[in-house]
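The structure under discussion appears below in the form of structure tokens.
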Amino acid sequence: MTTLVTATSTTARPRPVADVLTMLRRSLLRAVRYPGLTVFLVAGPLVMLLLFVYVFGGAFGAGVMPGVAPGAEGRAAYLEYITPTLLVITVVGGATSVATSAAMDAAGGIMARFKTMAIAPGSVLSGQVLGFLVQALAALVLVIGAAFAMGYRPGAGALDWLALLGLFALLGLALNWLCVAMGLNSRSVESASNAPMILLLLPFLGSGFVPVDTMPAAVRWFAEYQPFTPVIETARGLLAGGAGLEGAVAAQAVGWCVVLGVAGYAWARSLYRRERRL
Amino acid sequence: MPGNTPAPAIEVAGLRKSFPTRTKKGDHVVLDGVDLVVPTGTVTALLGPNGAGKTTAVGVLSTLLRADAGTVRVAGHDVHDDPGAVRASIGVTGQITAVDDLLTGTENLRLMADLHHLGRAAGRRRTAELLEQFGLTEAAGKPVATYSGGMKRKLDLAMTLVGAPSVVFLDEPTTGLDPRSRRTLWDEVRSLVAGGTTILLTTQYLEEADRLADHVAVLDGGRIVAEGTPAELKSVHDAGSLDDVFLALTEPPTGDGSADDPATSKENVR
Ligand SMILES: Nc1ncnc2c1ncn2[C@@H]1O[C@H](COP(=O)(O)OP(=O)(O)OP(=O)(O)O)[C@@H](O)[C@H]1O
Ligand SMILES: [Mg+2]
């Protein structure tokens with residue numbers, strides 16, 4: 001017991017940035033190899049966009065905008081009303097996919113392998129979070145493109161677009177951390193996307209598809225205080241070139257993202273540190 | 001003790017580990033005071049019936065599980081106080097195959113090389129070397145999801161070795177391997193040991209333990225109930241094979257799988 005092991009045991013310098021980039025690359029490579037989750041990211045909002053504009057839009061448009069006639073005029077008005085909502089839903093869809101992907105890692109044993117390696121412990125989940133953020137941002141471009149093809153012409157200037165990118169990046173980061181935790185918390189890969197599905201419902205229970213003041217009192221109360229209402233209103237305001245956007249609403253949107261993100265991160269971190277079977 | 005004896009690669013003393021049970025009050029004691037020493041550059045086989053706690057022991061030694069009591073040192077570092085240093089020295093092949101099914105064999109190995117910060121050129125070289133060594137060169141570019149179980153297992157082992165670990169844990173590494181692949185693995189283990197690597201392996205193929213291991217330790221009832229060289233164990237128990245030794249030493253299953261029977265006394269033939 002007198003001599004120390006001097007052999008090959010190296011105290012490797014931690015290299016968190018390199019490890020996060022490696023894990024991000026892994027996540028994107030997985031997306032290329034298994035495009036199912038990514039296709040779902042774009043297809044979901046696209047189908048909703050077509051359905052809501054071409055089927056419901058003629059009638060709904062007249063309902064959400066005073067003075068708009070049903071039919072073609074209504075459709076155009078509704079396209080303008082719900083495009084911001086569908087962009088938010090695209091970001092939520094990305095988060096749902098992270099949950100499944102994280103649950104796959106945990107179930108497959110590769111997460112246990114990563115945990116026995118001398119890598120930056122945060123890199124495993126960060127890679128997933130950032131990988132799906134990149135995919136969600138790419139999906140946003142496609143959904144905006146589709147809306148443009150359908151005649152959407154927002155009044156946003158360069159700065160508004162930049163702010164919008166910031167908002168969606170922040171929202172994506174927050175929801176991805178939250179959903180990574182939900183995925184790790186689930187019992188199986190199949191049920192990993194169940195909890196995040198609630199997040200997909202929230203835009204409907206807010207100002208996403210119809211104005212809040214048309215709702216009965218209890219629903220309206222919920223709609224006004226849930227996180228997605230200020231986020232959708234902020235996105236809507238920025239896309240309209242800042243028209244009607246209140247600073248307080250934007251602050252609420254950012255505040256919600258920070259709160260959800262920090263809580264999700266802390267939860268994910270503690271779940272990752274939990275004992276894991278080999 | 002002679003001054004030039006190198007410290008053992010693995011030192012376990014009084015290791016206890018239990019899991020909470022949902023039904024009954026009290027915990028399910030899996031490891032109930034395990035002592036084990038694995039000298040550097042040797043192969044030790046950890047044997048024991050299903051549910052004896054072999055995988056649990058490997059989990060504690062590889063920093064995945066926290067011990068309830070006892071001290072565990074691996075490669076000279078305490079797993080509790082300095083898990084990072086332990087992780088930098090070990091390679092683990094768990095009982096469940098741990099590969100990324102969506103990536104190709106090459107991509108899986110490169111992922112490991114990148115996480116070990118080998119650098120681009122060295123990473124590629126190491127990847128090619130291991131693919132060759134495990135006979136996976138042809139399948140290297142195919143997604144792992146298309147591999148057979150044995151091929152996945154070989155890739156799993158190759159991934160464990162990318163960082164040239166000084167202590168390697170192999171939890172039933174040859175389950176599902178055909179006889180030739182199994183021999184390839186044995187050769188691999190021998191050449192690693194010749195290079196100074198220490199190996200702790202669990203297996204249910206006792207012939208494998210017989211051929212490969214310098215030392216055998218039998219885990220049952222939460223404790224090491226026998227240890228020694230394969231030859232020693234066979235002669236003490238007057239048995240022709242380790243299978244007979246195993247049957248003589250271990251209790252038949254009690255039904256509830258609980259491992260807290262103090263009747264099995266520890267015996268050490270060294
Ligand atoms: N995370 C856990 N929670 C609860 N019980 C566990 C957990 N992990 C293992 N156990 C229990 O601990 C005991 C030992 O399990 P372990 O997997 O270590 O056995 P083993 O010797 O590796 O068996 P096998 O030969 O079948 O692989 C079993 O009774 C098992 O049910
Ligand atoms: Mg086991």
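Throughout, protein chains are lettered first and strands after them, A, B, ... in sequence-line order, and every chain is numbered starting at 1.
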Does one side chain, of Thr104(B) or Arg33(A), offer a donor that lies under 3.5 Å from an acceptor on the other? no
Donor-acceptor check, side chain of Arg26(A) to backbone of Leu111(B), threshold 3.5 angstrom: yes or no?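 Answer holds: no.
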Taking Glu275(A) for its side chain and Leu64(B) for its backbone only, find out whether a donor-acceptor pair lies under 3.5 Å. no
Side chain to side chain, [X] and [Y], heavy atoms closer than 4.5 Å:
X	Y	value
Leu103(B)	Arg30(A)	yes
Arg15(A)	His117(B)	yes
Phe114(A)	Leu115(B)	yes
Asp156(B)	Arg113(A)	yes

Which distance, rounded to the nearest 0.5 Å, do you find between the CG of Leu102(B) and the OG of Ser101(A)? 8.0 Å
Roughly how far, to the nearest 0.5 Å, is the CG atom of Asp100(B) from the CG atom of Leu29(A)? 8.0 Å
With a 4.5 angstrom heavy-atom cut-off, which part of [X] approaches chain B: side chain, backbone, both or neither?
X	result
Met111(A)	neither
Ile119(A)	side chain
Arg273(A)	backbone

Evaluation steps, side-chain contact (heavy atoms from CB on, under 4.5 Å), between Arg87(B) and Lys115(A): CA-CA 8 Å; Arg87(B) 290 180 192 136; Lys115(A) 284 187 74 174; 5.7 Å; no
Using non-hydrogen atoms only, which part of Thr160(B) is less than 4.5 Å away from chain A: side chain, backbone, both, or neither?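 It is both, since atoms from each part get that close.
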Closest non-hydrogen contact found for Thr116(A) with Ser62(B) is CG2-O, 3.6 Å
Which heavy atom of Gly84(B) sits nearest to which heavy atom of Ala118(A), and what is that distance? O-CB, 4.1 Å
Count the heavy atoms belonging to other residues, nucleotides or ligands that lie under 6.0 Å from OH of Tyr34(A), then report whether that count exceeds 12.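 Counting neighbours around OH of Tyr34(A), 12 or fewer heavy atoms of other residues, nucleotides or ligands fall under 6.0 Å, so no.
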Apply side-chain contact (heavy atoms from CB on, under 4.5 Å) to residues Asp114(B) and Arg25(A) and explain how you reach the verdict. CA-CA 11 Å; Asp114(B) 289 345; Arg25(A) 209 162 49 229; 2.7 Å; yes
